[in-house]
Amino acid sequence: MRYADLYLLSLLALQLRLCFTSTCPLVLKTNAQVERRLLNEGFHRDLETTVFLSSPENLQSCIALVKDIYPPGSYVDPNQLRFLKPFGGPDFYIPQMINVETPEHFSPRIMAYYFVRPHPMDDGRWLINMTIPVHFRYHRARSGTSHPLEVGVRLPHPLIMLQCEDVGGDACRALAQLEPCPPSGRDQCEWLPVHTFSTSEAVMGIIPVGNTDLLDTVLVTTTCVTAGATLLILASLKKKT
Ligand SMILES: *[C@@H]1O[C@H](CO)[C@@H](O)[C@H](O)[C@H]1NC(C)=O
């Protein structure tokens, strides 16, 4: 055999060994089923996220990272989330400044990291169940004759990762990714990505959009009402004097 062939063979052997020995069941055999519901109506809603984790490992020592990206038509309010923490709200980290006033077309996507501990269920799976307030932003008004006067803002499902104390070892560490640390995201930690799937479509908020065709009517109405009110006030003042 030539030297090059030997070299290739040894490489192949090394690869095979890696395949069989470097297994990390926590990453390769854990599934996260994500389901979501958007509760209430209007611009201010509650987003319920339920995650069912199935794993051959005991997840007792694990913390889950729920990594969300909100589109420009929506936001979460860090002050509100901070307020909710003592009432059972999750630990979270939002790296950006959030402007709660800007309309959709002046707003960025928002990254949010939630840190939650899974709880054992009766059927052997582990459960994460969190509800957080989400808000939709105003959209630029448009002509009602050429566009529908509602838009759908789709909230994609989150990614799920795990951080566990005693599960995994080196084989798992090789698969880790850096993401913010619990509970407040100040440093970067190693997280293990798990296979995330859902049986349902991403939830969608349906938001009314202003109609530019009505702008003239609105202006005229406002002017008339204001003028009428002024006249009334003037009249009552006159009566008194
Ligand atoms: C999650 O929590 C909500 C409200 O607290 C509850 O209605 C719902 O049944 C819970 N989901 C699961 C799967 O336990």
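For ligands, and for the atoms within them, numbers begin at 1 and follow the listed sequence.
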*ILVMFWY cluster, M130 and V51 together (side-chain gap under 4.5 Å)*: yes

*Would you please classify the geometry between the F87 ring and the F83 ring as parallel, tilted or perpendicular, with 30° and 60° separating the classes?*
tilted

*Verify the neighbour count for atom NZ of K29: are there more than 12 heavy atoms of other residues, nucleotides or ligands below 6.0 Å?*
no

*Kindly give the cluster partners of I206, where membership spreads through any ILVMFWY side chain lying under 4.5 Å from a current member.*
M204

Ligand 1: protein N/O within less than 3.5 Å of ligand N/O:
| from | atom 1 | to | atom 2 | distance (Å) |
| --- | --- | --- | --- | --- |
| ligand 1 | 2 (O) | N129 | OD1 | 3.4 |
| ligand 1 | 2 (O) | N129 | ND2 | 2.3 |
| ligand 1 | 11 (N) | N129 | ND2 | 3.0 |

_Before we go on, tell me: are the rings of F115 and Y93 under 6.0 Å apart, centre to centre?_
no

*asked:* Over 60° means perpendicular and under 30° means parallel, so tell me whether Y114 and F92 are parallel, tilted or perpendicular.
replied: tilted

